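Model, not experiment: these values are computed from the prediction. Side-chain atoms are counted along with the backbone in the values below, which use heavy atoms only and exclude waters and symmetry mates. So you know, we letter chains A, B, ... as the sequences are listed, proteins then strands, and number each from 1.
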Protein chains: 2
Amino acid sequence: MTPISDRKRREIAEREETFLDLALRIVLEQGYVGLTMDKLAEATEFSKGTLYLHFKNKEDVICALLRRLQMVRLDLFQRASQLELPPRQRITALGLAAELFVRLYPENARIEPILKASSIREKASQERCDALDEVELQCFAAVLEIAQDGQARGDLTFSDRGSPEHMVTGLWSMHVGVNLISSVGCGPSQAGGEAFLQDTLYENGARLLDGYGWRPLSNEFDYRALREELLRTQFATEAKQLKLADSSTAPN
Amino acid sequence: MTPISDRKRREIAEREETFLDLALRIVLEQGYVGLTMDKLAEATEFSKGTLYLHFKNKEDVICALLRRLQMVRLDLFQRASQLELPPRQRITALGLAAELFVRLYPENARIEPILKASSIREKASQERCDALDEVELQCFAAVLEIAQDGQARGDLTFSDRGSPEHMVTGLWSMHVGVNLISSVGCGPSQAGGEAFLQDTLYENGARLLDGYGWRPLSNEFDYRALREELLRTQFATEAKQLKLADSSTAPN
DNA sequence: TAAAACAGTTGACGGATCGTCACTTACCCC
DNA sequence: GGGGTAAGTGACGATCCGTCAACTGTTTTA
């Protein structure tokens with residue numbers, strides 16, 4: 001209530017961001033197992049007790065970390081989904097956004113499966129989990145909306161088999177699967193390395209949409225050229241960050 | 001060398017299976033975090049020291065556990081891949097095998113992502129990891145072989161885009177992704193529950209192959225009927241285990 | 001047969017980490 | 001400046017991992 005206490009409150013809220021910054025650095029440097037609450041407390045120059053005022057437990061930290069990363073993805077997704085393009089072109093742009101996200105923030109690809117797989121959700125606070133789900137749901141919704149748009153325009157019909165939800169779940173699971181395989185860093189289908197996997201995802205995404213008959217099919221339109229154009233225009237900043245030469249370094 | 005020492009040796013080798021049985025039971029009952037070496041030692045009625053003669057560490061136990069489960073999958077896969085059917089029908093049979101495996105051994109679906117995601121591989125012994133990779137590679141190879149067969153017969157052509165490896169990686173990652181999402185038990189695309197996800201996988205697998213133009217396309221052949229037939233014949237045992245009525249309970 | 005050598009087994013222990021809580025410190029208001 | 005409240009601390013108990021010196025039972029040797 002008092003002015004001072006307001007300032008304090010703000011400080012505390014801002015501090016959380018710093019905590020997450022440091023947590024992320026530790027995870028990147030020493031891996032998920034390398035992140036301990038003692039270490040994090042020391043890095044923040046606060047005590048463990050204070051840390052536990054912000055986060056219910058270690059899993060809560062991871063949850064918060066992931067949410068922050070997912071917000072970035074959501075931003076990329078929404079930028080793609082708001083482009084003025086026909087639906088299938090737009091979903092291709094969104095695919096590019098997904099790829100850029102993975103390449104820009106590989107730490108996400110490493111953390112996400114960990115969080116999903118192990119029993120982190122069981123221990124993290126309900127609020128954090130909900131907050132995380134909300135972002136992911138919005139990402140999913142962004143994709144779904146495009147599919148429904150395609151259906152509305154008649155570029156895409158489902159007759160009696162499948163639905164926009166089916167199709168988008170297919171894209172989604174392929175994306176999740178590639179990330180998981182990619183983060184393992186060995187096993188089959190890792191022979192070609194990360195670049196091969198990303199290329200595979202791009203190609204298979206296109207083939208899946210072709211399989212649903214979403215016009216224009218991948219042999220009816222030069223999606224590769226669209227990709228290059230988007231990298232030069234809408235996603236120029238991201239492309240530059242990745243040092244992708246304008247047109248040459250596209251996979252395959 | 002002596003007869004007695006041989007008997008002992010055999011006993012020790014067999015003991016490992018028992019250890020894994022008990023470990024699996026604990027994981028199923030109390031989750032991955034519920035599995036402690038102390039608990040496992042107590043369950044085995046041996047001491048922790050003896051346990052550590054068999055396994056380098058806790059991660060090694062999980063690795064061994066997973067390998068044993070994967071061997072079952074491999075068996076199912078190979079049975080499917082040896083059926084006398086045209087390639088695309090055969091890969092559909094293999095898809096059914098994958099689905100049966102997940103439904104028969106849901107614990108695998110729960111353990112597999114955990115192992116892949118977290119840093120278990122970093123700690124488990126090299127031998128266990130290699131053994132595990134080997135099985136997975138064989139599974140992958142079984143699928144790949146069918147694709148190559150289809151290519152050889154001319155049912156499937158890649159022109160300049162894609163390859164059998166691309167395509168199979170697509171199927172693979174979709175499978176892995178669905179399992180991961182399924183094991184999380186919440187988030188988007190979980191709305192419909194596990195059955196929806198499996199159905200989605202089936203449908204999207206077919207659509208992906210359609211997208212590659214693998215004949216006969218899913219609207220040129222009654223794959224649903226093939227599925228029913230396989231459940232009655234080749235996979236009757238498994239279907240019975242799952243209490244799938246012969247023809248009625250197919251998803252969708 | 002007794003003693004020595006060996007293989008197999010044990011569980012107490014050190015080390016690491018988590019999460020808590022009784023206590024201290026800092027800040028504010030009167 | 002004194003009293004009250006909010007913020008912050010770090011020692012502590014609890015849990016779990018993985019080790020190793022000691023122990024037990026069996027085989028080999030003398």
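Between R128(B) and E134(B), no side-chain nitrogen of the basic residue sits less than 4.0 Å from a carboxylate oxygen of the acidic one, so the salt-bridge criterion is not met. For R15(A) and E45(A), the salt-bridge test fails: no basic side-chain N is under 4.0 Å from an acidic carboxylate O.
Note: CD (E42(A)) to P (dA11(D)) measures 13 Å, nearest angstrom.
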Just list the side-chain donor-acceptor pairs under 3.5 Å for residues 62-76 of chain A, sequence neighbours left out, or say none.
residue : atom : partner : partner atom : Å
R67(A)  : NH1  : A131(A) : O            : 2.9
R68(A)  : NH1  : E17(A)  : O            : 3.4
R68(A)  : NH1  : E17(A)  : OE1          : 3.0
R68(A)  : NH1  : D21(A)  : OD1          : 3.0
R68(A)  : NH2  : D21(A)  : OD1          : 3.0
Q70(A)  : OE1  : R73(A)  : NE           : 3.1
Q70(A)  : OE1  : R73(A)  : NH2          : 2.9
Q70(A)  : NE2  : E112(A) : OE2          : 3.4
R73(A)  : NH1  : H175(A) : NE2          : 2.9
R73(A)  : NH2  : E112(A) : OE1          : 3.4
R73(A)  : NH2  : E112(A) : OE2          : 3.0

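Applying the 4.0 Å criterion to OP1 and OP2 of dA7(D), one finds that R15(A) has every side-chain N and O outside that range.
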Side chain to side chain contact (heavy atoms under 4.5 Å, CB included) between F46(B) and L51(B), worked out: CA-CA 7 Å; F46(B) 281 91; L51(B) 206 53; over 6 Å; no
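Not a single salt bridge (charged side-chain N to carboxylate O under 4.0 Å, His left out) links E194(A) to another residue, sequence neighbours left out.
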The contact string for nucleotides 10-22 of chain C, one letter per nucleotide 5' to 3', using protein heavy atoms under 4.0 Å with B, S and - for base, sugar-phosphate only and none, comes out as BB-----SBBB--
